[in-house]
Amino acid sequence: MELPYRFDVTATTKQIRDEHSLLAEGTSSGETVTVAGRLMLRRSQGKVAFGVLQDTTGRIQLFAPAKVTPEYDSFINLNIGDWVGVSGEVMKTKRGELSVKVQQWTVLASAHRPFPDKWHGITDPETRYRQRYVDLWVTEDTRETFLMRSNMLSLTRRWLESKDFLEVETPVFHPIPGGALARPFSTHHNALDTELYLRVAPELYLKRLIVGGFEKVFEIARVFRNEGISSRHNPEFTMLELYQAYADWNDIMELAENLIEHLAIELTGTAVIAYDGKEINLTTPWRRTTLLDLIEEHAGLKISLETPLDELRGICDSLDIEALPAYGSGKLLLEIYEKTVEPNLWDPCFVTEYPLEVSPLSREHREKDGYTERFEAIIAGREILNGFSELVDAEEQQRRFEEQLAQNEAGDEEAMVVDFDYVRALEYGLPPTGGIGIGIDRLIMLLADVQTIRDVILFPTLRPEQPPSEQRNLE
RNA sequence: GCCUCCGUAGCCAAGCCUGGCAAGGCAGCGGACUUUUAAUCCGAAGAUCGUGGGUUCGAAUCCCACCGGAGGUACCA
């Protein structure tokens with residue numbers, strides 16, 4: 001069979017539904033259209049047959065009477081899953097189903113593998129993730145989720161551009177991994193004969209751009225972290241990071257909550273979204289509370305950096321927190337917060353004033369010694385963004401890197417190492433700057449009301465599948 | 001990484017506890033049917049029961065190992 005190299009489509013199924021929904025039952029519109037898509041259902045009744053054609057925008061019925069449809073016998077022998085192009089009049093059947101009469105048709109591609117059950121679809125998660133190309137066709141929720149993800153990125157870009165943010169691209173290969181406390185993937189460049197790391201965050205490069213004079217920048221960055229996989233973690237995921245010169249953490253908190261409220265309203269129609277059977281109110285302004293106040297509120301513990309180390313360790317023991325000997329007061333406070341507070345925050349809350357010890361890139365709090373102007377937003381018990389007034393002092397940054405290095409050498413594989421060039425950039429002068437990283441995957445999980453990150457990543461990381469032929473070769 | 005659960009035809013699955021010829025539906029194949037909506041009806045077919053080993057007269061079923069997946073947990077966003 002000759003398959004065409006191209007095909008002219010004059011209408012999408014959505015355009016047909018939009019333009020002809022008011023057509024009376026049993027009448028024809030007189031308008032001829034050409035549509036294309038995949039045949040999802042087919043029923044033949046002897047001298048008349050019906051099909052359901054699906055394209056990106058939805059579905060439309062095909063109406064094929066034997067005396068109208070050319071090569072009728074071949075038409076009713078199409079396989080479910082075949083791609084077809086159809087031309088004919090838009091009409092509505094006696095039962096009121098808007099249809100395209102099949103007056104001309106052509107096969108655009110044959111499905112040589114059987115398509116999944118038309119009623120049950122596919123439920124096996126492995127098949128859905130490995131063969132997303134099938135899942136997208138047969139599972140409407142999947143299609144809608146990824147359309148929403150695409151829309152969200154588009155809306156985000158437009159919103160930031162309207163505020164004069166510049167979209168930039170920074171390296172994925174980093175000679176020194178930095179910008180987040182995480183284990184990197186490493187790789188090797190042959191010509192340079194050097195070890196390179198896949199970025200765990202674009203942060204340090206973006207701040208170099210502020211030094212370079214781009215005062216508002218953002219990057220929608222795929223980042224890579226060599227950690228476990230769970231319903232909330234994929235080894236590669238997407239972060240929106242943005243930096244704004246002359247801004248502090250308060251400006252950035254306001255920006256972030258406004259962006260997310262805007263996205264919720266545009267994508268779901270309301271700032272009060274449904275998630276996991278409950279409501280989340282994303283209406284701004286969001287609550288802002290310090291980490292220490294939240295610990296007191298949720299655990300009844302009045303503790304701080306002033307609290308003796310032994311006492312903090314005792315609290316960790318009683319909470320079943322594994323506290324390593326190297327942990328200082330700041331790290332212990334963070335652990336206690338994560339255990340007692342984070343899972344219990346539902347509506348959005350900016351958690352503020354993180355200990356300096358666990359925030360190597362954040363600027364010191366302007367009033368409180370030992371704390372930083374850092375915040376995270378927790379929604380539905382999950383951290384979805386992390387930002388701060390950026391540390392601008394080169395000497396202080398050097399000192400913090402060295403502390404990290406000491407921890408790294410003490411065995412903490414997630415600690416940072418010294419990025420000499422980043423310190424050099426700061427020495428040229430970083431103006432007051434606020435910045436933030438937003439977990440795009442987790443945000444779309446909230447807005448699309450899905451419970452696992454794999455449902456918002458088209459091709460989530462899985463153990464590689466061995467094709468049957470390769471299995472033989474390996475033996 | 002650890003714990004628990006799952007794997008039966010292209011898809012959805014029963015059977016497993018309590019061992020004895022591997023149900024049914026969809027898709028595919030043959031036939032009937034000129035307005036269907038998961039169309040319906042008739043017919044024929046389709047399964048190394050994830051893989052390997054063990055127990056047994058006999059294993060989809062019980063035991064062990066491995067492979068793949070899911071949920072939880074740890075680290076992390």
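Residue numbering restarts at 1 for every chain, and letters A, B, ... go by the order of the sequence lines.
- Spacing between atom CE of A:M40 and atom C1' of B:U37 amounts to 15 Å, rounded to whole angstrom units.
- Contact annotation for A:L385: no contact, since no heavy-atom pair falls under 4.0 Å across all strands.
- Rounded to an integer number of Å, the gap from CG of A:D82 to P of B:G28 is 10 Å.
- Cation-pi geometry between A:R38 and A:W137 is met: under 6.0 angstrom from the ring centre, within 45 degrees of the axis.
- Set against B:U34, B:U37, B:G28, the side chain of A:T93 has B:U37 as its closest nucleotide.
- Nucleic acid contact class of A:E97 (heavy atoms, under 4.0 Å, all strands): base.
- Counting only residues at least two apart or on different chains, the side-chain hydrogen bond (donor to acceptor under 3.5 Å, both in side chains) pairs with a member in residues 72-91 of chain A are A:T34-A:S87.
- Comparing B:G20 with B:G15, their C1' atoms are spaced 13 Å from each other, to the whole Å.
- Residue A:K94 contributes atom NZ, which lies 16 Å from atom C1' of B:U37 at whole-angstrom precision.
- Comparing A:G228 and A:L462 along RNA chain B, the residue whose closest nucleotide (by nearest heavy atom) sits nearer the 5' end is A:L462.
- Taking atom OH of residue A:Y327 and atom C1' of nucleotide B:C75, one finds them 9 Å apart after rounding to whole Å.
- Comparing B:A14 with B:A47, their C1' atoms sit 14 Å apart, to the nearest whole Å.
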The contact string for nucleotides 38-49 of chain B, one letter per nucleotide 5' to 3', using protein heavy atoms under 4.0 Å with B, S and - for base, sugar-phosphate only and none, comes out as BB----------

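- Contact annotation for A:E376: no contact, since no heavy-atom pair falls under 4.0 Å across all strands.
- Between B:U4 and B:A74, the two C1' atoms lie 16 Å apart (nearest whole Å).
- Using N1 to N3 plus N6-O4 or O6-N4 for Watson-Crick, or N1-O2 and O6-N3 for G-U wobble, each under 3.5 Å, B:G58 pairs with nothing.
- Checking B:C66 for Watson-Crick or G-U wobble geometry (two distances, each under 3.5 Å) identifies B:G50 as its partner.
- Nearer to the 5' terminus of RNA chain B, by closest-nucleotide assignment, is the contact made by A:I229 (compared with the other of A:I229 and A:R225).
- For B:G25 and B:G46, the C1' atoms lie 14 Å apart once the distance is rounded to whole Å.
- Closest to the side chain of A:F50, out of B:U35, B:U73, B:C12, is B:U35.
- Straight-line distance from the CG atom of A:L319 to the P atom of B:A74: 13 Å, rounded to whole Å.
- The same atom, P, is picked in B:A44 and in B:A23; the two are 15 Å apart, to the nearest Å.
- Between the CG atom of A:N226 and the P atom of B:A74 there is a distance of 20 Å, given to the nearest Å.
- B:A14 is unpaired under the Watson-Crick or G-U wobble criterion, no partner having all donor-acceptor distances under 3.5 Å.
- Side-chain rings of A:F63 and A:F50 approach one another, their centers coming within less than 6.0 Å.
- In this structure, B:U73 and B:G1 make a Watson-Crick or G-U wobble pair, each of the two defining distances being under 3.5 angstrom.
- Applying the 4.0 Å criterion to OP1 and OP2 of B:G71, one finds that A:S231 has every side-chain N and O outside that range.
- When the C1' atom is compared between B:C17 and B:U61, the two are found 9 Å apart, to the nearest whole Å.
- If you measure from atom CD1 of A:I76 to atom P of B:G28, you get 12 Å, rounded to the nearest angstrom.
- When rounded to the nearest whole Å, the span between CG of A:L62 and P of B:U35 equals 18 Å.
- No option in A:D441, A:L458, A:L267 other than A:D441 meets the side-chain contact (heavy atoms from CB on, under 4.5 Å) test with A:R149.
- Remark: A:R132 is not positioned above the aromatic ring of A:F459, lacking an NZ or CZ atom under 6.0 angstrom from the ring centre and at most 45 degrees off the axis.
- A ring-centre distance under 6.0 Å is not found for A:W249 and A:F388.
- Remark: the separation of the C1' atoms in B:C49 and B:C3 is 27 Å, to the nearest Å.
- The P atoms of B:C57 and B:G10 are separated by 34 Å, rounded to the nearest whole Å.
- Taking a pair to require two hydrogen-bonding distances under 3.5 Å in either a Watson-Crick or a G-U wobble arrangement, B:C41 pairs with B:G31.
- The nucleotide whose nearest atom lies closest to any side-chain atom of A:E335 is, among B:G68, B:C75, B:U37, B:C75.
- Across all strands, A:R128 comes closer than 4.0 Å to no nucleic acid atom at all (heavy-atom distances).
- Among A:L385, A:I280, A:L345, the one residue that satisfies the side-chain contact (heavy atoms from CB on, under 4.5 Å) test with A:I379 is A:I280.
- Counting only heavy atoms from C-beta on, A:I80 has its side chain closest to B:G28 among B:G28, B:U37, B:G69.
- In the model, A:E257 has no side-chain atom that pairs as donor or acceptor with a side-chain atom of A:T284 under 3.5 Å.
- Using a distance-only test at 3.5 Å, with no hydrogens or angles considered, a donor-acceptor pair links the side chain of A:T12 to the main chain of A:Q15.
- Distances were taken from every side-chain heavy atom of A:S230 (C-beta onward) to each of B:U73, B:C11, B:G68; the shortest belongs to B:U73.
- Within the nucleic acid shown, A:F63 comes within 4.0 Å of at least one base atom, counting heavy atoms only.
- Comment: A:R199 engages A:E219 in a salt bridge, judged by a side-chain N to carboxylate O separation of less than 4.0 angstrom.
- Distance from the side chain of A:R130 is smallest to B:G68 among B:G68, B:U34, B:U73.
- Among the nucleotides B:U35, B:G28, B:C11, the one closest to any side-chain atom of A:N79 is B:G28.
- Residue A:N77 is classed as having no contact, given no heavy-atom separation below 4.0 Å to the nucleic acid.
- A:R113 comes within 4.0 angstrom of nothing in the nucleic acid, heavy atoms only.
- The cationic atom of A:R208 (NZ for Lys, CZ for Arg) lies less than 6.0 Å from the six-membered ring centre of A:Y205 and within 45° of the ring axis.
- Looking at heavy-atom distances under 4.0 Å, A:G121 makes contact with sugar-phosphate atoms alone, never a base.
- A:K339 comes within 4.0 angstrom of no nucleic acid atom, judged by non-hydrogen atoms across all strands.
- Residue contacts shown for A:P65 are absent, as no nucleic acid heavy atom lies under 4.0 Å away.
- The residue A:D441 sits apart from the nucleic acid: no heavy atom pair falls under 4.0 Å.
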